[in-house]
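Computation of the quantities below employed the complete heavy-atom set of this structure, encompassing side-chain atoms and omitting hydrogens, waters and symmetry-equivalent molecules. All values reported here derive from a predicted model rather than from experimental measurement.
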Amino acid sequence: MDVDVKPFYGPAPPPPLGLALTNGGPPPPSQSQVQPQGPQGAQVQGNPMNDRERVEDERATIQRDRERELMDRSRPGAGHPAGLPEVHREPVTPPSARPGPPVGLGPGLPNGGLGSGPVPPAMPLSREVEPYAAPLPLPALPALPPNRPNPLNPSRSDRPSQTGTLIIQQNLVHPGEEPRPAEMVDMDRVPPEYRTEGGDWFAIYNPHVPRVLDVKLVHTLLHESVVCCVRFSSDGTRLATGCNRSAQIYDTKTGVKIMQLVDESNKSGGDLYIRSVCFSPDGKLLATGAEDRQVRIWDLVRKNVQYIFEGHQQEIYSLCFSPDGRYIVSGSGDKTACVWELGESRLPPLPEGHESAPKPGMCAARMFSITDQAQPPSPDPDGRTPATQQDAGVTSVAVSADGRFVACGSLDCVVRIWDVQSGQLIERLRGHRDSVYSVAFSPDGKALVSGSLDKTLKWWSLSDLKSLDSEAQRARRGRIVERRESMTLGGHRDYVLSVAMSPDGKWIVSGSKDRGVQFWNPHTATTQFVLQGHKNSVISIDMSGGQGPPGSGLLATGSGDYQARIWSYGPYYGPGSEGRI
């Protein structure tokens, strides 16, 4: 329920000299008029300085009483000052009394995976906000090297500030440059046409560029544990989510849960988080990848497991179907991405001893292995050196629109691209200064976007790769192209955990540990708006064209606050909509 919150400016200042110090009555006499009285009414010689000190003491006492009264009234259950409606505030558990390390964190993580040191706060509000919710225990994503904080667990000092500023404007960062300092914008000074608010969410539109989009919350989907992944069906009518031991499917129009998938044959105890979910292009199958190293293919008509693919040696973090549904790709912390065939059409077999040939006994058609683990990036001009990466686990996989290429993001800061038919590693994309956690191809396959723990997104132009014919690819066989980014998008204040592109290719969307979602224009490298609607890390996002008019679509977000949300976005026709793209 929306609440009309009136501004509150704090306790009133003490009245100046010459004003009444109590309610009603005439003002006190001036110092020259004060005639102190002795015992029994006899006049005594007064001391003007003592009288002034007495007035000042009275003023200080009244001021303290006023402040104490306001503090008492602002406590839970005591109403609110200045006519403000009462805000429900739940108690926050102090750090010393909070639970210990969450179960299932990766090895070697300090402080139970909660990290150390302060983390930049989430985008703040300069008004009454919902009470801060204590950080929820989140499952680990790929195990990080020692002394690295887990990106999904907010620091214990990560509390929202109320300073009234946010990051909103970023410009293009050329290759080799560091992101420019973010501009801080006072939210209260943003014009109403550049602001949208709901009951527990808000969006701030960049006042430096024309507003061309509007966003609204459609559904909030409550879960019983952390929502690790979200994915739309190809027609946008269903949304799949993954959490602890189960996958759910929701109707995007009504928000009703229409199916819950739990593998009853798995009798292992403890947590078993579903890290990735993915619909087949025809919507008849759902793939799930979990911490038990298995890829399960569910028949959504019979509601049972149709296939189980085994062979990974560590947790599975990402899944992606090919556009024709012939195969599915899985990425794992064991430094491999496997291609599993589903249909009758088969990929050409690889010769024995090929670098992408699967291990004996595996039913995979390809196994792309990271054997060229990259060295950490060199220090920047200021001498800053990123944390040393001692692993190259695959955190994210994506398949190009034509099904020819597979891109893999890795913990060693590199994005690699393989040719599916030949099984050859053909491209290495270098530029990130920390682990790459998410990759996505553009709808036309001519570009790729990546998100990293270095708090940036990078745009990679692949136009020449897209245009390669089979003869040109054969000529390149055995030669790996090293590619640099075309542009860098900097604006998040914490790790970028997920990226996606709109079906029409006009927008890049990113989710971050700073609890925010940003819409980016890839043509101008600017933010269109910042969306704040979760109380914990935005772990996963996905986009769909939806069923609305051209330029509209759906956005799904999954978070550590045990919620998935469905949002709608579309053209904005209100004030300030000049310059529509």
**Study point:** Working for side chain to side chain contact (heavy atoms under 4.5 Å, CB included), residues I249 and L286
**Key:** CA-CA 10 Å; I249 298 178; L286 182 76; 4.3 Å; yes

Would you say [X] and [Y] make side-chain contact, with heavy atoms under 4.5 Å?
{"X": "T237", "Y": "F232", "answer": "no"}
{"X": "I508", "Y": "L489", "answer": "yes"}
{"X": "V509", "Y": "V517", "answer": "yes"}
{"X": "L221", "Y": "I566", "answer": "yes"}
{"X": "F202", "Y": "T196", "answer": "no"}
{"X": "R238", "Y": "D251", "answer": "no"}
{"X": "V230", "Y": "L239", "answer": "yes"}
{"X": "W459", "Y": "L448", "answer": "no"}

**Study point:** All pairs passing salt bridge (Lys or Arg N to Asp or Glu O under 4.0 Å) where residues 214-228 contributes a residue, at least two apart
**Key:**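 Every salt bridge (Lys or Arg N to Asp or Glu O under 4.0 Å) pair that includes a residue of residues 214-228, provided the two are not neighbours, is R211-D214.
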
Exercise for review: Dump the intermediate steps for side-chain hydrogen bond (donor to acceptor under 3.5 Å, both in side chains) on K458 and T488, then the final yes or no.
Suggested key: CA-CA 4 Å; K458 291 187 182 291; T488 297; 2.7 Å; yes

Restricting to side chain to side chain donor-acceptor pair (under 3.5 Å), what partner residues turn up for [X], sequence neighbours left out?
{"X": "T252", "value": "none"}
{"X": "S276", "value": "none"}
{"X": "S552", "value": "none"}
{"X": "S234", "value": "none"}

Pairing residues for [X] by the ring pair (Phe, Tyr, Trp, His ring centres under 6.0 Å) criterion, not counting sequence neighbours:
{"X": "H223", "result": "Y250"}
{"X": "F321", "result": "none"}
{"X": "W201", "result": "W567"}

Review point. Distance only, no hydrogens: is a donor on one side chain within 3.5 Å (strictly under) of an acceptor on the other, for T526 and W520?
Key: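 No, no side-chain donor-acceptor contact under 3.5 Å.
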
Exercise for review: Answer with yes or no whether the side chains of S463 and K446 bring together a donor and an acceptor at under 3.5 Å.
Suggested key: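 The criterion, which ignores hydrogens and geometry beyond distance, is not satisfied for S463 and K446.
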
To the nearest 0.5 Å, what is the distance between [atom1] on [X] and [atom2] on [Y]?
{"X": "S461", "Y": "R483", "atom1": "OG", "atom2": "CZ", "answer": "6.5 Å"}
{"X": "S512", "Y": "H492", "atom1": "OG", "atom2": "NE2", "answer": "5.0 Å"}
{"X": "N206", "Y": "L213", "atom1": "CG", "atom2": "CG", "answer": "12.0 Å"}
{"X": "S450", "Y": "L457", "atom1": "OG", "atom2": "CG", "answer": "7.0 Å"}
{"X": "I539", "Y": "K513", "atom1": "CD1", "atom2": "NZ", "answer": "11.5 Å"}
{"X": "C413", "Y": "L429", "atom1": "SG", "atom2": "CG", "answer": "13.0 Å"}

What's the shortest heavy-atom distance between [X] and [Y], and which atoms?
{"X": "L555", "Y": "F519", "result": "CD2-CE1, 3.8 Å"}
{"X": "P550", "Y": "P571", "result": "O-CG, 3.7 Å"}
{"X": "C320", "Y": "V399", "result": "SG-N, 3.6 Å"}
{"X": "H534", "Y": "V538", "result": "CD2-CG2, 4.0 Å"}
{"X": "R195", "Y": "I204", "result": "CG-CD1, 3.6 Å"}
{"X": "G516", "Y": "Q532", "result": "CA-OE1, 3.4 Å"}

Does [X] use its side chain to pair, donor to acceptor, with the backbone of [Y] at less than 3.5 Å?
{"X": "D271", "Y": "Y273", "result": "no"}
{"X": "R231", "Y": "L319", "result": "yes"}
{"X": "R275", "Y": "C243", "result": "no"}
{"X": "S233", "Y": "G283", "result": "no"}
{"X": "S438", "Y": "V499", "result": "yes"}
{"X": "S498", "Y": "S540", "result": "no"}
{"X": "D514", "Y": "R493", "result": "yes"}
{"X": "D434", "Y": "S452", "result": "no"}

Point to revise | Under the salt bridge (Lys or Arg N to Asp or Glu O under 4.0 Å) test, residues paired with R565 that sit two or more places apart | key: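 Checked R565 against salt bridge (Lys or Arg N to Asp or Glu O under 4.0 Å); matches are D200.
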
Exercise for review: For L497 and I541, run side chain to side chain contact (heavy atoms under 4.5 Å, CB included): C-alpha distance rounded to whole Å, both residues' side-chain angles, the deciding distance at 0.1 Å, then the answer.
Suggested key: CA-CA 9 Å; L497 301 177; I541 61 174; over 6 Å; no

Exercise for review: Compute the ring centroids of Y205 and Y194, then answer whether they are less than 6.0 Å apart.
Suggested key: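 No - the distance between ring centres of Y205 and Y194 does not fall below the 6.0 Å cut-off.
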
Check your understanding: Step by step, would you call T527 with Q518 a side-chain hydrogen bond (donor to acceptor under 3.5 Å, both in side chains)?
Key -> CA-CA 7 Å; T527 304; Q518 294 201 27; 3.2 Å; yes

Point to revise | Residue pair T220, Q563: steps toward the side chain to side chain contact (heavy atoms under 4.5 Å, CB included) verdict | key: CA-CA 7 Å; T220 297; Q563 292 182 356; 3.7 Å; yes

Point to revise | Evaluation steps, side-chain hydrogen bond (donor to acceptor under 3.5 Å, both in side chains), between Q248 and T241 | key: CA-CA 5 Å; Q248 293 71 223; T241 66; 3.1 Å; yes

Taking side-chain contact (heavy atoms from CB on, under 4.5 Å) as the definition, give me every residue that meets it alongside [X], ordered by chain and number, with sequence neighbours left out.
{"X": "S318", "value": "S396, V397"}
{"X": "S502", "value": "D504, K506, W507, M543, Y569"}
{"X": "S410", "value": "I370, A392, D412, R416"}

**Study point:** Pair R433 + D454: basic N to acidic O under 4.0 Å
**Key:**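 Salt bridge: no.
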
Check your understanding: What's the verdict on side chain to side chain contact (heavy atoms under 4.5 Å, CB included) for R245 and I274, showing C-alpha distance, side-chain angles and the deciding distance?
Key -> CA-CA 6 Å; R245 308 196 72 88; I274 307 298; over 6 Å; no

